[in-house]
Enquirer: 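Have a look at the structure that comes next, please.
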Amino acid sequence: MFGIIFANLSMGSVLSKELKIYEMYKLLYETYGPQGWWPFLESGYDKGNYRFSKTSDEIFEVALGTILTQNTTFKSVVKSLQNLKALDALNPASIKELSLESLKLAIKPSGYYNQKAKYILEFISFYESLEGSVPSRDELLSVLGIGEESADSILLYGYNQSEFEIDAYTKRVLLELGLIDERAKYKEMKELMQKSLEEFIKDEKQRVIVFQEYHALIVNHSKDFYSKKPYGVGCMLKERFSC
DNA sequence: TTCCAGGCAATAC
DNA sequence: GTATTGCATGGA
């Protein structure tokens with residue numbers, strides 16, 4: 001059985017797109033291990049130990065981190081989250097009590113602090129209106145500052161919904177491997193990832209875990225191989241699975 | 001100095 | 001609906 005798989009791996013072009021995407025995940029996971037992204041600060045997230053019940057504040061932290069992370073390095077986001085934690089303001093009510101200037105100062109390391117402060121306050125208002133219920137994707141998208149990727153990030157990591165998150169790195173990888181063309185939109189890439197993984201992973205919870213890890217693994221891998229042009233130089237995925 | 005980072009909204013065709 | 005631009009700090 002392994003022999004067959006390895007024989008196929010050495011000939012990326014004979015694998016279906018769907019199988020490639022599944023095999024890519026396995027290789028990334030074997031290489032880098034579990035990433036365990038969220039929640040980050042609170043409750044000391046235990047990598048590889050998946051909890052499907054998050055507290056309201058943990059879900060909020062995911063959303064907060066998601067907004068802060070937009071077009072910024074995660075390292076900068078950690079600083080901002082730590083600043084907020086030092087103000088004891090990692091929850092909606094406490095953030096609302098901060099002055100606007102204090103909020104901006106706390107999140108300044110993450111950049112775009114004027115916009116993001118506004119986005120955070122908009123999200124808090126929305127989040128409180130939910131009263132604990134799970135928002136739909138469209139409801140999330142209606143919030144200022146929440147686009148497609150952020151909506152999926154909040155649903156996937158905050159609410160453990162099976163929504164795959166696509167980011168700029170994912171597109172670069174898929175493009176470099178010939179799995180999509182340049183014009184591919186978010187929806188098309190998302191469906192490709194989801195449908196491919198649905199073929200091989202039938203268990204819903206397992207799939208959520210894989211979606212969470214897969215996106216994180218792509219980001220982790222891409223920091224090394226898809227940040228500077230030309231993209232994909234030395235990328236093991238490209239070597240094994242490229243068309 | 002220049003380039004890039006775990007995007008998004010507003011605006012212009 | 002597609003393309004362009006502003007948003008901003010911090011690190012390589």
Side-chain angles (χ1 to χ4, degrees), chain A residues 25 28-29 32-41 45 47 61-84 100-126 137-158 163-176 180-190 193 210-233 235 237:
Chain A
Y25 170 72
L28 286 170
Y29 191 88
Y32 302 109
Q35 302 298 297
W37 266 11
W38 300 107
F40 180 74
L41 279 187
Y45 193 80
K47 290 185 182 183
E61 190 199 305
V62 174
L64 186 58
T66 296
I67 291 168
L68 290 174
T69 305
Q70 293 168 356
N71 207 34
T72 307
T73 56
F74 187 66
K75 208 170 184 179
S76 302
V77 175
V78 172
K79 278 185 192 166
S80 297
L81 290 176
Q82 284 171 339
N83 287 343
L84 288 172
L100 184 57
E101 289 313 307
S102 303
L103 175 58
K104 287 181 178 177
L105 187 61
I107 66 172
K108 199 166 185 177
S110 305
Y112 308 140
Y113 58 89
N114 289 302
Q115 285 188 351
K116 286 178 179 177
K118 187 175 180 182
Y119 293 169
I120 288 166
L121 293 173
E122 292 273 343
F123 184 82
I124 287 174
S125 155
F126 167 77
R137 191 169 188 273
D138 282 341
E139 286 172 335
L140 282 166
L141 288 173
S142 75
V143 180
L144 190 71
I146 308 297
E148 293 201 279
E149 184 182 344
S150 295
D152 287 331
S153 172
I154 293 165
L155 289 171
L156 178 61
Y157 294 101
E163 305 283 348
F164 201 93
E165 179 180 351
I166 303 294
D167 73 318
Y169 283 141
T170 309
K171 180 168 187 176
R172 286 178 196 171
V173 172
L174 293 177
L175 188 60
E176 195 60 36
I180 58 165
D181 67 281
E182 178 63 53
R183 314 175 307 158
K185 299 273 187 249
Y186 189 96
K187 185 179 178 187
E188 181 189 337
M189 295 185 282
K190 179 178 174 179
M193 298 305 287
V210 169
F211 284 11
Q212 291 179 344
E213 292 295 348
Y214 203 161
H215 170 72
L217 285 163
I218 287 171
V219 171
N220 185 59
H221 177 70
S222 298
K223 282 175 180 171
D224 289 334
F225 300 101
Y226 291 87
S227 284
K228 56 176 189 288
K229 294 181 178 180
Y231 297 139
V233 177
C235 168
L237 301 176

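Letters A, B, ... are given to chains in the order of the sequence lines, protein chains preceding strands, and every chain is numbered from 1.
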Enquirer: Nearest to the side chain of A:Y112, which nucleotide is it out of C:dT9, B:dG6, C:dC7?
Expert: C:dC7
Enquirer: Distance from A:L105 atom CG to A:L84 atom CG, nearest 0.5 Å?
Expert: 10.0 Å
Enquirer: Is the phosphate of C:dG11 approached by A:K79 (side-chain N or O, under 4.0 Å from OP1 or OP2)?
Expert: yes
Enquirer: For the P atoms, the ones on B:dA10 and on C:dA8, what distance do you get once it is rounded to whole angstrom?
Expert: 14 Å
Enquirer: Without decimals, in angstroms, what is the distance between A:K229 NZ and B:dA5 C1'?
Expert: 15 Å
Enquirer: Answer yes or no: is there a donor N or O on one side and an acceptor on the other, between the side chain of A:Q212 and the main chain of A:G36, under 3.5 Å?
Expert: no
Enquirer: Can you name the nearest heavy-atom pair linking A:F225 to A:C235, along with the distance?
Expert: CD2-N, 3.8 Å
Enquirer: Kindly say whether A:S110 contributes a backbone atom to a donor-acceptor pair with the side chain of A:K116 at under 3.5 angstrom?
Expert: yes
Enquirer: What is the distance from CZ of A:R183 to P of C:dG1, rounded to the nearest Å?
Expert: 15 Å
Enquirer: So what does A:N114 touch, heavy atoms closer than 4.0 Å: a base, only the sugar-phosphate, or nothing?
Expert: sugar-phosphate
Enquirer: In this structure, how many angstroms lie between the C1' atom of C:dG10 and the OH atom of A:Y113, rounded?
Expert: 14 Å
Enquirer: Using the rule ring pair (Phe, Tyr, Trp, His ring centres under 6.0 Å), only one of A:F211, A:Y25, A:Y186, A:Y157 pairs with A:F164; which is it?
Expert: A:F211
Enquirer: Do A:Y226 and A:Y169 make the cut of ring centroids closer than 6.0 angstrom?
Expert: no
Enquirer: Each nucleotide in nucleotides 8-13 of chain B should get exactly one letter: B, S or -. Can you fill that in based on protein heavy atoms under 4.0 Å?
Expert: SSS---
Enquirer: Whole angstroms only, please: what is the OH-C1' distance between A:Y186 and B:dG6?
Expert: 11 Å
Enquirer: Quick check, does A:Y169 stack with B:dG6? I mean ring centres under 5.5 Å and planes off by under 30°.
Expert: no
Enquirer: Could you give the CE-to-C1' distance, from A:M189 to B:dG7, as a whole number of Å?
Expert: 13 Å
Enquirer: Let me know the distance between CG of A:D167 and P of B:dA5, rounded to the nearest Å.
Expert: 10 Å
Enquirer: Do the side chains of A:S153 and A:H215 get nearer than 4.5 Å, heavy atoms only?
Expert: no
Enquirer: B:dA5 P sits how many Å from A:D224 CG, rounded?
Expert: 13 Å
Enquirer: What distance, rounded to whole Å, do you find between the two P atoms, one in C:dT5 and one in B:dG6?
Expert: 24 Å
Enquirer: Is the phosphate of B:dG6, meaning OP1 or OP2, less than 4.0 Å from a side-chain N or O of A:R172?
Expert: no
Enquirer: Counting only N and O atoms by type, is there a donor-acceptor contact under 3.5 Å from the side chain of A:E148 to the main-chain atoms of A:I166?
Expert: no
Enquirer: With a 4.0 Å cut-off on heavy atoms, is A:S110 in touch with a base, just the backbone sugar-phosphate, or nothing at all?
Expert: nothing
Enquirer: Roughly, in whole Å, what's the span from CZ in A:F74 to P in B:dG7?
Expert: 13 Å
Enquirer: Here's a test of your reading of the structure: between A:K75 and A:T72, which maps to the more 5' nucleotide of DNA chain C?
Expert: A:T72
Enquirer: With a 4.0 Å limit, can you tell me whether A:K185 has a side-chain N or O closer than that to the phosphate oxygens OP1/OP2 of C:dT2?
Expert: yes
